[in-house]
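Just so you know, these numbers use all the heavy atoms, side chains as well, and skip hydrogens, waters and symmetry mates. Along the sequence shown, residues are numbered consecutively beginning with 1. For clarity, every value in this text was computed on a predicted model and none was experimentally measured.
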Amino acid sequence: MLLTNSCDATRNELLQFAAVTPLESYSANPRNIVAVTSNINYQYLYFPDTKLHDSFVNLGLITSISRESFEGYVAAGKSERKVSLNLTGYFLFITKLTVFFMRPEDREVLISRDCGTAS
């Protein structure tokens, strides 16, 4: 999944992507699949009712690729747009991305870092 904002994707040298993983290769345990498809795991982003219903985005696997290389992949037919987010999907995406990167640490971690007391 392209994470770079579309206007930046046309001019930045590097583009950020998150891995899209098939559910069947993630886990054979139904509880793990339900955790992903219910979006209760911060690291994974699942879009219900789309062409990607059998896959999820792994926000823990983000990489950068040069825009030039990516354009070459597209030209060679090795990469293509599968879906585009509607407004609901966009809000789900930015919410999951924010929670994944900005969630507060738990009380024990804050104390161990001597960041003061957690209230």
Chemist: Of the non-hydrogen atoms in Lys51 and Lys82, which two are nearest, and what is the gap between them?
Modeler: CD-O, 3.8 Å
Chemist: Rounded to the nearest 0.5 Å, what's the gap from CG on Asn12 to OG on Ser66? Could you check?
Modeler: 12.0 Å
Chemist: If you measure from OG1 on Thr37 to OH on Tyr46, what distance do you get to the nearest 0.5 Å?
Modeler: 6.0 Å
Chemist: For the CD1 atom of Ile62 and the CE atom of Met1, what is their distance to the nearest 0.5 Å?
Modeler: 10.0 Å
Chemist: Determine the interplanar angle of the Phe70 and Phe17 rings, folded into 0 to 90°, and report it as parallel if under 30°, tilted if 30 to 60°, perpendicular if over 60°.
Modeler: tilted
Chemist: Tell me the closest heavy-atom pair linking Thr98 and Ile94, and the distance in Å.
Modeler: OG1-O, 2.7 Å
Chemist: State the NZ-OH distance between Lys96 and Tyr42, to the nearest 0.5 angstrom.
Modeler: 9.0 Å
Chemist: Are Leu2 and Tyr73 connected into the same hydrophobic cluster when the rule is that any two of I, L, V, M, F, W, Y join if their side-chain heavy atoms are below 4.5 Å apart?
Modeler: yes
Chemist: Could you check whether any side-chain heavy atom of Glu71 comes within less than 4.5 Å of a side-chain heavy atom of Leu15, counting everything from C-beta outward?
Modeler: no
Chemist: Considering all heavy atoms of both residues, which atom of Pro22 and which atom of Ser55 are nearest to each other, and what is their separation?
Modeler: CA-OG, 3.8 Å
Chemist: In Å, rounded to the nearest 0.5 Å, how long is the span from OH of Tyr90 to OG1 of Thr95?
Modeler: 9.5 Å
Chemist: Honestly curious: do Met102 and Ile40 fall in one hydrophobic cluster under the side-chain, below-4.5 Å linking rule?
Modeler: no
Chemist: Compare all side-chain heavy atoms of Tyr44 with those of Thr21 and state whether any distance is below 4.5 angstrom.
Modeler: no
Chemist: Please check if Val83 and Phe56 belong to a single hydrophobic cluster, counting links between Ile, Leu, Val, Met, Phe, Trp and Tyr side chain heavy atoms closer than 4.5 Å.
Modeler: no
Chemist: Distance-only, no hydrogens or angles: does the Thr4 side chain make a donor-acceptor pair with backbone N or O of Gln16 under 3.5 Å?
Modeler: yes
Chemist: What pairs with Leu97 under side-chain contact (heavy atoms from CB on, under 4.5 Å), at least two apart in sequence or on another chain?
Modeler: Leu59, Phe93, Phe101
Chemist: Could you grab the distance from atom OG of Ser79 to atom CD1 of Ile65, nearest 0.5 Å is fine?
Modeler: 8.0 Å
Chemist: Contact between Leu92 and Leu45 at the side-chain level, heavy atoms closer than 4.5 Å - yes or no?
Modeler: yes
Chemist: Which atom pair, heavy atoms only, marks the closest approach of Ser27 to Asn32?
Modeler: OG-ND2, 2.9 Å
Chemist: Is it possible for you to say whether Phe100 and Phe47 belong to one hydrophobic cluster, with membership spreading through side-chain heavy-atom contacts below 4.5 Å?
Modeler: yes
Chemist: Is there a path from Val99 to Leu3 through hydrophobic residues (I, L, V, M, F, W, Y) whose side chains come within less than 4.5 Å of each other?
Modeler: yes
